[in-house]
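Structure first, then comments.
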Amino acid sequence: MASSCTQLCLQGRNLLRSKAVARTWQYNTQVRHCITRGSSKILNDCSINNGNHTTSQTRQRWKQQMFCYSDLATKHLATEALENKNVEETSTANVVAYKSPLLPIRDAVSVPNMPLDLDAAAEVSALELISEEEAVSITFPSDFPPASISLKDYVDKSETLSKLVQLGVDLWKLEQRPNVGSMLLKLDFNTDVAPRLLFLKDIGVDESRFGHIITQNPFVLTDNLENLHSRVNFLKSQKFSSEIVASMVSRAPYILNFTVKRLDNRMGFYQQILKLSASNTRHILARLPRLLCGSLEPVKENLKVCEMELGFKENEIQHIVITVPKVLTANKKKLTQIFDFVHNTMKVPHDLIAKFPQVLNCRLMRIRERHQFLEYLGKAQYNPDLPNYISLERLVIMPNHVFCTELALAKSADFSLFQKTL
């Protein structure tokens, strides 16, 4: 009895499944026919009219076909839901209900509840007329690259960068400094850069130096013009001439970023530590203007080296600094090596070195080659009280051919051959 009931249940289930498959196939055929007929009709209408009908008419027809598809889908899903409900009611607890894989999954996609906004999904035609407000609201992507590690990608798009390149500014140096590249991109040439260039020209800076100044000190483009004028006026009030001020700004552009109080403190420091007069202080700063805006630590160290390690007196240090201000910022190791060779090898006393301090600003190799060549010829005589005296100043300043003909009394070819033996 149980087996016969089971067979009846299976036959009923197979009958229902065959009806569901047939109805699903009919539904798919109707949908395919509806879509194909709607698409061909739209294409035929567009090709026949060819501009006589507007885009809105074509869109309306497409909406009608999509609504037809939506109605068929709704009817199919409703019928299948009813049949599934009847199958579940007629099935017994011992028989597992069969679910066709052809049926749509109602939990994953809810077609009847999904809104069909075809106007939002359809793209706007390029030939469709729009209002003036919509045209103004259209945004275009910027010409600037979204991100770059080099300023060269922005030169063609930025008027400021292109004109800075024309002035001779080395952008590859500036882009290596933090935040300088973004600062330059934010500047406007007419409102930010041009007034500063006119300021530099007014104080006497040559136009060929504009690129060098901006490369060394790009922050002059963002500083207040009143502050720039006040610093230049302060230098002029300290009896620096206009020509010297222009030269100082060209060689040490960071002077323009120092406040008046800081510049005054720097000048007082050099005058006090070196015990110089105001005129000698101005002379040193005019020859080496970076003393005003550089670090003071190398200066203090070199003064201690000259006094304690090299053994110069106070008046000798003053004469050395006035004659060769670069001694204050020279490398300490290089300074001690030159002094050691001149004083201990060439046997030149302190007073002669202080009298001709140019030797401390020369390359050690140049001094060694010329001294050894004179020593080879038997003419290395640096005592002014003895005959055939050779001045230290002429030894280091003269070019090679003049040194050979006037001091060594030899041929330049002989000196070149001697250099190759070293």
Side-chain angles (χ1 to χ4, degrees), residues 124 126 130 132-236 242 245-263 266 288-297 329:
V124 180
I130 61 176
E132 185 176 354
E133 291 76 9
E134 294 176 343
V136 173
S137 64
I138 296 177
T139 59
F140 295 93
S142 175
D143 290 337
F144 289 109
S148 177
I149 61 174
S150 177
L151 288 175
K152 66 180 182 180
D153 297 330
Y154 300 91
V155 172
D156 295 336
K157 309 297 182 181
S158 173
E159 178 187 8
T160 301
L161 293 183
S162 61
K163 290 189 176 181
L164 288 179
V165 171
Q166 295 175 8
L167 290 173
V169 178
D170 295 328
L171 296 181
W172 66 273
K173 292 182 179 179
L174 295 180
E175 67 186 12
Q176 297 175 3
R177 304 171 64 175
N179 301 325
V180 174
S182 59
M183 180 195 73
L184 294 177
L185 287 174
K186 297 176 183 178
L187 296 179
D188 181 79
F189 184 82
N190 295 326
T191 59
D192 299 323
V193 181
R196 274 74 180 178
L197 298 180
L198 293 176
F199 161 76
L200 294 176
K201 187 175 182 180
D202 291 340
I203 66 176
V205 177
D206 190 76
E207 295 180 2
S208 61
R209 301 290 295 175
F210 288 173
H212 171 76
I213 293 174
I214 297 175
T215 301
Q216 296 295 323
N217 180 20
F219 304 104
V220 71
L221 300 177
T222 59
D223 210 336
N224 190 285
L225 282 174
E226 295 181 359
N227 295 334
L228 298 178
H229 281 288
S230 64
R231 292 154 193 171
V232 171
N233 292 334
F234 169 76
L235 294 177
K236 292 181 179 179
S242 300
V245 171
S247 176
M248 293 171 67
V249 171
S250 299
R251 290 180 291 150
Y254 270 102
I255 289 179
L256 296 175
N257 291 100
F258 276 55
T259 62
V260 172
K261 183 178 180 180
R262 195 173 183 183
L263 292 174
R266 286 295 180 94
L288 194 65
R290 70 169 181 264
L291 291 173
L292 283 175
C293 52
S295 176
L296 297 179
E297 294 303 321
T329 58

Exercise for review: Determine the minimum heavy-atom distance between V205 and R209, stating which atoms define it.
Suggested key: CG1-CB, 4.0 Å
Check your understanding: So, do N233 and V260 sit near enough that their side-chain heavy atoms are less than 4.5 Å apart?
Key -> no
Check your understanding: Between L184 and T160, is any pair of side-chain heavy atoms under 4.5 Å apart?
Key -> no
**Study point:** Side-chain donor or acceptor of R266 paired with backbone N/O of G294 under 3.5 Å
**Key:** yes
Review point. Are any of the side-chain heavy atoms of F258 and L292 separated by less than 4.5 Å?
Key: no
Check your understanding: Is R231 close to D223 at the side-chain level, that is, under 4.5 Å between some pair of heavy atoms?
Key -> yes
Exercise for review: Determine the minimum heavy-atom distance between L164 and V193, stating which atoms define it.
Suggested key: CD2-CG1, 4.2 Å
Exercise for review: Look up atom NZ in K163 and atom CG in L197, then write down how far apart they are to the nearest 0.5 Å.
Suggested key: 10.5 Å
Review point. Among all residues two or more places apart in sequence or in another chain, which pass the side chain to side chain donor-acceptor pair (under 3.5 Å) test with D170?
Key: none
Practice item. Verify the neighbour count for atom CG of N190: are there more than 12 heavy atoms of other residues, nucleotides or ligands below 6.0 Å? Key: yes
Revision key, fill the gap. Correct closest heavy-atom pair for I255 and M248 would be CD1-O, 4.0 Å
Review point. side-chain hydrogen bond (donor to acceptor under 3.5 Å, both in side chains) with N257: which of N227, T222, N217?
Key: N217
Point to revise | Between NE2 on residue H212 and OG on residue S250, distance to nearest 0.5 Å | key: 7.5 Å
**Study point:** Closest approach of E207 to K201 (non-hydrogen atoms, all atoms of both residues)
**Key:** OE2-NZ, 3.2 Å
Practice item. Could you grab the distance from atom CG of L235 to atom OG of S242, nearest 0.5 Å is fine? Key: 10.5 Å
Review point. Does a side-chain heavy-atom distance below 4.5 Å link P253 with V220?
Key: no
Check your understanding: How far does CG of D192 sit from CG of L221, to the nearest 0.5 angstrom?
Key -> 8.0 Å
Review point. Does CD in Q176 sit with more than 12 non-hydrogen atoms of other residues, nucleotides or ligands closer than 6.0 Å?
Key: yes
Review point. What are the two closest non-hydrogen atoms of E175 and K152, and how far apart are they?
Key: OE1-N, 4.5 Å
Exercise for review: Please name all residues satisfying side chain to side chain donor-acceptor pair (under 3.5 Å) with K173, sequence neighbours left out, ordered by chain then number.
Suggested key: none
Practice item. For R290 and R251, indicate whether the former's side chain and the latter's backbone hold a donor-acceptor pair under 3.5 Å. Key: no
Point to revise | Closest non-hydrogen atom pair, T215 against G211 | key: OG1-O, 2.7 Å
Revision key, fill the gap. In short, ring pair (Phe, Tyr, Trp, His ring centres under 6.0 Å) pairs touching residues 174-201 with sequence neighbours left out are F199-H229
**Study point:** Inter-residue atom distance L167.CG - S208.OG, 0.5 Å rounding
**Key:** 11.0 Å
**Study point:** Atom pair CG (L256) and CG (L200), whose distance is rounded to the nearest 0.5 Å
**Key:** 7.0 Å
